[in-house]
Amino acid sequence: MTEIAEYSRQFVLKTRPVDLPGDETFAIETTPIVMPGPGQVLVKILIAALSPWQNQRLKDFKNYTKPFEIGEVIDCDVLGQVVAGEADGLVPGQLVTGRLGWREYALATPDQLLRVTDEFPDTMWLTALSSPGLTAYCALDMFGRPMPGQTMVVTSAAGSVGGYAVQLGKLAGMRVVGLSGNADKCTLVTERLGADVCVNHAEPGYEERLAAACPDGVHLFFDTTGGTVADAVFDTLAKYAKVLVVGRTVSNNSDRPDLDPVNMRQLWAREASIQGFSRYSYPERWGFARERMMDLCRQGLIQTMDHLVDGFEKTPGALRDMLTGRCTGKVLVRYGAATPIEKDNPA
Ligand SMILES: NC(=O)c1ccc[n+]([C@@H]2O[C@H](COP(=O)([O-])OP(=O)(O)OC[C@H]3O[C@@H](n4cnc5c(N)ncnc54)[C@H](OP(=O)(O)O)[C@@H]3O)[C@@H](O)[C@H]2O)c1
């Protein structure tokens, strides 16, 4: 029998940050745990996945999604375990993923949950087989159209989404040049992820080193950050280049998101095209992308990267560390351990 706590803690939005969130941004609320009703299960959250979009939703500016309300629980993808209730074949013991937020327990309905197996390590269900890996896969497959021999540049190449874009570009036969914020990350991007070159954008003169790393120009630019670093890539675009805008971390972190620079002159001069991408628009592609990523992982062709922090209270600090470039791969926070499944439990 799984032990269930009496109370669950959750982080809610207390005040909106101007740029980066601080301790004053969040409050911890404690609520009694409610047992599931018909059609519901109670999920104990084991790992929460942090992402820059959580920061952008703390603020009140126009975006692809609505801001968190003051007092609202901070949302995020999680890995959890069903600990009570039965619904649609879900029984206690089953591991699941879903968007259940920064909290220790959550009630959920089966349509909110994806059942996961122990074929892969638990963290992989929040990395290669979840938003980071599937975003990189779908954006490249649907719009990037990687061509062997051509050059792709990836910003935040040691980052959660960027790290998979680097690897998928290499698997497609491209020359891949990463941009990253320190020397250790650059070593990881070339040695572990297989990029041909990684340019440290924190060092002066990175623009020249980037241009030198792309002698034929940049045919495909996979951009998750925006900002001046991304703008420097526009100076190196090849004729008919494609710019895939997957994220805007820099302007989302800023107090003036409206000042996001984009070198339109070079876009015009190179007859390049620009394509925005949001995974939320293509839910029907998700299952296929996950199957493909599972295949690549089974074959050992994909390296997963995560930065795992222990403890519910550490969640806001881990978000800040991610937003200030201190982490590599997906930032995950462990809230608890799974309960071993009993023998007579079919899950
Ligand atoms: N379109 C979609 O469907 C979709 C899906 C998932 C995520 N996203 C977006 O993609 C972006 C990346 O998400 P992620 O989870 O993979 O995060 P991430 O890249 O792992 O984390 C943030 C990284 O951004 C870089 N960064 C932060 N501030 C920067 C600055 N001022 N200048 C340059 N780089 C900076 C840092 O890397 P370096 O220091 O190494 O540069 C930092 O480590 C986010 O904007 C997210 O919202 C979009």
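If you read the sequence from its start, that first residue is 1, and numbering goes on from there. All values reported here derive from a predicted model rather than from experimental measurement. Read the numbers this way: they start at 1 and go in the same order the structure lists the ligands and their atoms. These values consider heavy atoms only, across backbone and side chains, with no hydrogens, waters or symmetry-generated copies.
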- Note on the structure: Per the under 4.0 Å non-hydrogen criterion, ligand 1 touches S51, P52, W53, Q56, S131, T135, S156, G159, S160, V161, S180, G181, K185, H201, T224, T225, V246, G247, R248, T249, V250, N253, F277, S278, R279, M322, L323, G325, C327
- Query: Going by heavy atoms in the side chains, are V197 and R175 under 4.5 Å from each other?
  - Reply: yes
- Message: Are M174 and Q150 packed together at the side-chain level, in the sense that at least one heavy-atom pair is separated by less than 4.5 angstrom?
- Response: yes
- Residue that, paired with R320, satisfies side chain to side chain donor-acceptor pair (under 3.5 Å) out of T315, D23, T25: D23
- NZ/NE/NH1/NH2 to OD/OE distance under 4.0 Å, D19 and K59: no
- Item | K239/E271 ion pair, N-O < 4.0 Å | yes
- Task: For the residue pair F11 and W102, categorise the inter-ring angle as parallel (less than 30°), tilted (30 to 60°) or perpendicular (more than 60°).
- Result: perpendicular
